[in-house]
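Written below as structure tokens is the structure these notes are about.
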Amino acid sequence: MSFEINATHGPSLRSWVATANVPGCDFPIQNLPFGRFRPAGSKEAFRIGVAIGDRVLDLEAAHVLEHSDMNLVMSASPAERAALRAVLSEDLREGSPKQKHWQLALYAQADVEMGVPCTIGDYTDFYTGIHHATTVGKLFRPDQPLMPNYKWVPIGYHGRASSIGVSGQRFKRPMGQTKAADAEAPTFGPSKRLDYELELGFFIGQGNALGEPIGIVEAEQHLFGVTLLNDWSARDLQAWEYQPLGPFLSKNFATTLSPWLVTMEALAPFRAKAFERPAGDPAPLPYLDSDVNRHTGALDITLEVWLQTAKMRAAGEPATRLTRGNTTQAAYWTPAQLVAHHTVNGCNLQPGDLLGSGTLSGPEPDQAGSLLELTLGGKNPITLPNGERRTFLENGDTLTIRGHCERKGAVRIGLGEVSGTVVG
């Protein structure tokens, strides 16, 4: 079962919130993503809000919900979530009798502070980007870029939930051990090869009981929504520490999310045929395969990466775009396959658990999802419009990821943006 297109996606729908009707708006009435907010500068508890145009609707003040527990919303059944979306769509439309009352529950997004979208109990990062895996593999293993298991099993590792922050996160350059190829012993100090990773985050809605796997046919019903994710990476720390157990200090210092959860219901018009594997690639094992997943399991999302250095910011210069790509060209495994694989051994997922897609790079150089790929491991620095050069991120750099969905016959919706700054 997959999410279906219904009246809430109608391209002719307009909202009484005027800014939601502006062409190119990230948050038209067809989107309705969820987030947690509070008035800027206050110490109030975070509330549940829905983005509409350049506003956010307080769901408690609008008497849509009687609580501020986002994880409780996420734990609802697919039918309950669809009913909530229908109410929001109906009462935010032009001509709604709720306009007079709900206008009092609106806040300007510019006047609020956004929090992490929900309480995240566990975080798993996958490695679904086959072009990223191949390019990076060539840097370290020219004779065998992909490990033998890559095309058989969705590769992942358990990450750190406590250091996940929301867009606008500022973090210190991580410290750790590194070892030069010609050195006899490692040294300790700040990372010199700090990088970003362009990812999507998939949030779990309803969970499963310990010992009860989620089948591939039902897997999408356990997904609540999608967010933008930047899993910052210290490449030099990673190169020294990752064998035999994988990343540790090179990843757990910071991960940044966009503040809005775009629901699976909102993404229904933007499904794409699942990854067409090259001739000779193995078919997924039966527990990772279904007719629906083969035909509409992939999401069609355009992703962009932008960089603004401290020097650019001081000069009043805007960020410059580094890359632009699409998930349909990047991911080897679908979100449903990640859920099915994660639970096939009986692992229990809970509402609010986060699954990272892994770096989503396209086949072309200008679709790379990391500086490691863009600069071929630092060998080919990129030159920015103001003449600055970068191999990896420097102190004061602000990295921003943006995403949107656009397709003929459907209204464009956005995922907003996620930005973070290295402070030194």
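Positions are given from 1, in the same order as the sequence printed here.
Shown here is K179, whose NZ atom has more than 12 heavy atoms of other residues, nucleotides or ligands within 6.0 Å. More than 12 heavy-atom neighbours from other residues, nucleotides or ligands sit within 6.0 angstrom of CZ on R321. Annotation for E66: atom CD does not count as buried by contact number, only 12 or fewer foreign heavy atoms lying within 6.0 Å. For R390, the CZ atom is densely surrounded, since the number of other residues' heavy atoms within 6.0 Å is greater than 12.
One finds the OG1 atom of T178 at 11.0 Å from the CD atom of E241 (value rounded to the nearest 0.5 Å).
Ring centroids of H342 and H158 are separated by less than 6.0 Å, placing the two rings close together.
T398 and T421 share a donor-acceptor pair across their side chains, judged by distance under 3.5 Å alone. Between the side chains of K251 and S233, at least one donor N or O lies within less than 3.5 Å of an accepting N or O. Between the side chains of D231 and T255, at least one donor N or O lies within less than 3.5 Å of an accepting N or O.
Minimum heavy-atom separation, S370 to D195: CB-OD2, 3.5 Å. Minimum heavy-atom separation, E394 to D397: N-OD2, 2.8 Å. In plain terms, the two heavy atoms of P282 and K151 that are nearest each other are CG-O, 3.7 Å. Across all their heavy atoms, N293 and A336 have their closest contact at OD1-CB, 3.8 Å. In terms of heavy atoms, G346 sits closest to P213 at N-CG, 4.4 Å. What you find for T334 and G297 is that their closest heavy atoms are CB-O, 3.5 Å.
Residues passing the ring-ring contact (aromatic ring centres under 6.0 Å, His included) test with F392, sequence neighbours excluded: none. H132 meets the ring-ring contact (aromatic ring centres under 6.0 Å, His included) test with Y127; sequence neighbours excluded. Remark: Y157 engages no residue in a ring-ring contact (aromatic ring centres under 6.0 Å, His included) (not counting sequence neighbours). Applying the ring-ring contact (aromatic ring centres under 6.0 Å, His included) rule to F34 yields the partners F224; only residues at least two apart in sequence or on another chain are considered. Applying the side chain to side chain contact (heavy atoms under 4.5 Å, CB included) criterion to A82, with sequence neighbours excluded, gives no partner residue.
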Q | Working for side-chain contact (heavy atoms from CB on, under 4.5 Å), residues L229 and L200 | A | CA-CA 5 Å; L229 186 154; L200 291 176; 6.0 Å; no
Q.
Could you walk me through whether K172 and V422 satisfy the side-chain contact (heavy atoms from CB on, under 4.5 Å) test, starting with their C-alpha distance in whole Å, then the side-chain angles of each, then the deciding distance to 0.1 Å, before giving a yes or no?
A. CA-CA 6 Å; K172 295 181 179 179; V422 189; over 6 Å; no
Q) Between W260 and N31, does a side-chain contact (heavy atoms from CB on, under 4.5 Å) hold up when you go through it step by step? A) CA-CA 11 Å; W260 298 109; N31 193 345; over 6 Å; no
Q.
Run N326 and L303 through side-chain contact (heavy atoms from CB on, under 4.5 Å) and show every step you take.
A. CA-CA 6 Å; N326 189 280; L303 298 170; over 6 Å; no
Q: Take R271 and D300 through the salt bridge (charged side-chain N to carboxylate O under 4.0 Å, His left out) test and state the conclusion after the steps.
A: CA-CA 6 Å; R271 311 308 295 260; D300 184 355; over 6 Å; no
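Annotation: side chain of L84 is not in contact with side chain of R81 (no heavy-atom distance under 4.5 Å). Contact check for R235 versus S250: no side-chain heavy atoms found under the 4.5 Å cut-off. By the 4.5 Å heavy-atom criterion applied to side chains, I413 and L267 are counted as neighbours. Side-chain atoms of V292 and V217, non-hydrogen and from C-beta on, never get closer than 4.5 Å to each other. Side-chain contact between I164 and L257: present, with at least one pair of heavy atoms (C-beta onward) separated by less than 4.5 Å.
Using a 30° and 60° split on the angle between ring planes, F171 and F253 fall in the tilted class, from 30° to 60°.
A distance-only check finds a donor-acceptor pair linking the side chain of T323 to the backbone of A368 [under 3.5 Å]. The closest donor-acceptor contact from the side chain of N208 to the backbone of E212 lies under 3.5 Å. A donor-acceptor pair is defined here as one N or O able to donate and one able to accept, closer than 3.5 Å; such a pair exists between the side chain of T227 and the backbone of S258.
Both the sub-6.0 Å distance and the 45° axial angle are satisfied by R277 relative to the ring of W333.
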For a quick test of your reading: what N or O donor-acceptor pairs under 3.5 Å do the side chains of residues 44-58 make, sequence neighbours left out?
from, atom 1, to, atom 2, distance (Å)
E44, OE1, R47, NH2, 2.2
R47, NH1, D58, OD2, 3.1
R47, NH1, Y107, OH, 2.6
D54, OD1, T19, OG1, 2.8
D58, OD1, E60, N, 3.1
D58, OD1, A61, N, 3.2

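In this structure, R402 does not pair ionically with D26, as no charged nitrogen and carboxylate oxygen lie closer than 4.0 Å. Residues K192 and D236 are not paired through a salt bridge, judged by the lack of any N-O separation under 4.0 Å between the basic side chain and the carboxylate.
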